[in-house]
Number of protein chains: 2
Amino acid sequence: MSVTIDDIAKEAKVSTATVSRVINGSKAVSPELTRRVLEVIERKRFKPNSFARGLATDKSSIIGVIVADISNPVISTTIKGINHVAQQKGYTVLVCESDGDGRKEQMLLERLEEQKASGVILAGMNVDHSRVEKMLDMDFPIVMVTQQSSDGCITINTVIHDNIQAIIDAVSFLYDNGHTRIGFICGPENDYSSGIRRLEGFRMAADSLGLDIPSSYIVHGDFSYESGRECMTRIFEENTRMPTAVLACSDLMAAGAVSGAASLGLSVPQDLSIMGFDDTDLARYLNPSLSTVRIPYFEEGSKAAEELFALMESGEKATGKLVFIPHKVIRRFSVRNIKTHDS
Amino acid sequence: MSVTIDDIAKEAKVSTATVSRVINGSKAVSPELTRRVLEVIERKRFKPNSFARGLATDKSSIIGVIVADISNPVISTTIKGINHVAQQKGYTVLVCESDGDGRKEQMLLERLEEQKASGVILAGMNVDHSRVEKMLDMDFPIVMVTQQSSDGCITINTVIHDNIQAIIDAVSFLYDNGHTRIGFICGPENDYSSGIRRLEGFRMAADSLGLDIPSSYIVHGDFSYESGRECMTRIFEENTRMPTAVLACSDLMAAGAVSGAASLGLSVPQDLSIMGFDDTDLARYLNPSLSTVRIPYFEEGSKAAEELFALMESGEKATGKLVFIPHKVIRRFSVRNIKTHDS
DNA sequence: CCCCGTCATGAAACCGCTTACACCGTGCTG
DNA sequence: CAGCACGGTGTAAGCGGTTTCATGACGGGG
């Protein structure tokens, strides 16, 4: 069918071993032969058969990425980051969607094992401890990104932003703009990973700034636009004294909150300030544009890939390393300064 | 290392050929042996090595998808559709990003050839005729989705929506709502595929409805939010008599147009109606929510995958088949009916 | 009763590449 | 000058499946 290493060897009058060595640079070959072989390879457009190579080396140039939902902008940005460095290294990225289904996720891991993936990145996946244990049995190193294992005990290498500090910074930003009554729309209650940390950050910030936050100011959404709307309504209904600002745990929920506020007759930011999280494109598209916390997901993705390659090279499955990517508060128009201005 | 077909054969006291036959159901095996083999496979958790299999059959269970930008919601939705049917068929999807760079795209195609992909889908890629020719030389069948080859002459199988009719329907919708002065924000001038068709649809609709559209009503954007804003400004500056409605070729540009209109002191839909295209989530998130044309990208993706599998099974590289997926006009709040209402 | 076709099975070749090992020539050391 | 280390090269043995082909058992028709 297509041109093989034997064809090249014959044409260049050398052995297949030499051709292989030239391709992989695995051992010294004389300049003369190298030149001859390369010339023939070029001329015949030889591409080594990746199956044969994989069979012989038991390694592929594939790294797998498992995500819950590929059309989530946070995730797709992360994937772009991963892709970026993988492509540079000559690796191909296999993106698999689990739809958040644990069984499917297990299936995908097994399939990646069959494909002899050289490494796997779990992007934005909620994974608990018992799962982590099993994963370390896989043939490849794994790193998590954008979400960390739910229990504190770190075994899998992880690249993530500092959820606690990010929320503290967001609350401080609101506080600096004169807000002391601050509502919080967090993630689902069963999100034991980033959700619990962000809530912790919120509590810490409230404490250290001396804010008095009634429990009815804190509500749980599920990261969707619709839940953002609902949460806004709930805050409105359950409080006679409304917060002056609401911090949501994602831009999408913040968008829902803005819309919910509008339905309640509140306009943003005149009557209510709203702040998002992530700094997805949506934050810029909305009117008013969202103040938010920028999480550099592209960088998280590329850093995760780099960590994975480091593991692959060292041959270790996991070192427990934890890398934080710095975030940044972004000021836009959904938050009003109520300290200096007139009401 | 891991358990091989030989282990199974030995344990079940049969030959490797028999095990292989059981796995693939390629030839009759007695019930007795089948049972024994399956039992051992199950017990030892045997997974055939995909390299060895690929090497022997010269086929992989991978299909490739090449896209320009994975975080474009239109594209990621299409990918989800592809994934859906591929997963059912036991295939894995390799998503590759070309960043719209033709050279990179060529590289990716070659890499997919190396990986012996069984088929490839080009999602939303702008491809001209000379490229198409070369692609048909590849080892695998190719289908295009969401975008068709730029010249009329169809060779590659394609799954797409009817761009001409979709725009005609959108214009008709605006017309039915009393609009006769309609602006059009189209794609880049060098988009010879969907762009040219949409413009054609716009002209056809204008003609058949007897609308008088000055050329300054038609401007070219690049599908970005920012270009939507600019286009809006341009329409405003170049016309003393403004259109009453503007149709944009993507929700994103429509969002930019809304924002641009706001900057010009025009509020939507009171002073100006704006209509989008695609029906991405963004259309619902905006305020006012966008009237738009829903293109079922998930369905396009899954249909494209089905077409690809059909080609793979028939063994043909291309049949020139063209499949249209029906669209639908969605009414929301960015378009006002100026026929029945007061001014 | 014999011949032949059919079916189930196993032995072994093969897919294309990597790599352990053998081999050879060269230059250096003792 | 013998012996040895070493760099460059080729031979061939895998890697783990699939598949061709040979073999043997069995059943039915003449």
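Only heavy atoms go into these numbers, but all of them, side chains included; no hydrogens, no water, no symmetry mates.
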Quiz item: Could you state the CG-C1' distance from B:D7 to D:dG17, rounded to the nearest angstrom?
Solution: 13 Å
Quiz prompt | 4.5 Å side-chain heavy-atom contact, A:I79 and A:V67 | solution = yes
Quiz item: What nucleotide, of C:dG10, C:dC17, D:dG16, holds the atom closest to the side chain of B:N49?
Solution: D:dG16
Exercise. Have a look at B:V19 and say if it touches a base, only the backbone sugar-phosphate, or nothing, with a 4.0 Å heavy-atom cut-off.
Key: nothing
Quiz item: Within this structure, what is the NZ-to-C1' distance between B:K116 and C:dG16, rounded to whole angstrom?
Solution: 10 Å
Self-check item: Among D:dT11, D:dG8, D:dT18, the nucleotide that comes nearest once only the side chain of A:A28 is considered
Solution: D:dG8
Quiz item: Considering residues at least two apart in sequence or located in another chain, which fulfil the side-chain contact (heavy atoms from CB on, under 4.5 Å) criterion with B:S98?
Solution: B:I66, B:A68, B:E105, B:L108, B:M125
Quiz item: Excluding sequence neighbours, so at least two apart, what forms ring pair (Phe, Tyr, Trp, His ring centres under 6.0 Å) with B:F46?
Solution: none
Quiz item: Can you check the A:D6 CG to C:dC14 P distance for me, whole Å?
Solution: 13 Å
Exercise. Name all pairs fulfilling the ring-ring contact (aromatic ring centres under 6.0 Å, His included) condition that reach into residues 58-96 of chain B, sequence neighbours left out, sorted by first residue then second.
Key: B:H84-B:F298, B:Y91-B:F309
Self-check item: Residues that A:Y297 engages under ring pair (Phe, Tyr, Trp, His ring centres under 6.0 Å), provided they are two or more places apart
Solution: A:H161
Self-check item: salt bridge (Lys or Arg N to Asp or Glu O under 4.0 Å) contacts in which one or both residues fall within residues 70-88 of chain B, not counting sequence neighbours
Solution: A:D69-B:K80, A:E97-B:K80
Quiz prompt | Spacing of A:R53 atom CZ relative to D:dG17 atom P, expressed in whole Å | solution = 21 Å
Quiz item: In whole angstrom, what separates B:K10's NZ from C:dA11's P?
Solution: 12 Å
Self-check item: Salt-bridge contact B:K47-A:E113 (side-chain N to carboxylate O under 4.0 Å)
Solution: no
Practice problem: Let me know the distance between NZ of B:K59 and C1' of D:dG17, rounded to the nearest Å. | Solution: 16 Å
Quiz prompt | Of B:L33 and B:L55, the one whose closest DNA chain C nucleotide lies more 5' | solution = B:L33
Quiz item: How many Å lie between CD on B:E32 and P on C:dC7, as a whole number?
Solution: 20 Å
Quiz item: Considering residues at least two apart in sequence or located in another chain, which fulfil the side-chain contact (heavy atoms from CB on, under 4.5 Å) criterion with B:A56?
Solution: none
Self-check item: Residue pairs passing the salt bridge (Lys or Arg N to Asp or Glu O under 4.0 Å) test where at least one lies in residues 308-319 of chain A, sequence neighbours excluded
Solution: A:K89-A:E313
Practice problem: Produce a footprint string for nucleotides 19-25 of chain C: one letter per nucleotide, 5' end first; B if the base is under 4.0 Å from any protein heavy atom, S if only the sugar-phosphate is, - if neither. | Solution: BBB----
Quiz prompt | Length of the line joining A:I23:CD1 and C:dG16:C1', which is rounded to integer Å | solution = 11 Å
Exercise. Could you tell me, to 10°, how much the axis swings from one end of the helix from C:dC1-D:dG30 to C:dG30-D:dC1 to the other, five pairs per end?
Key: 60°
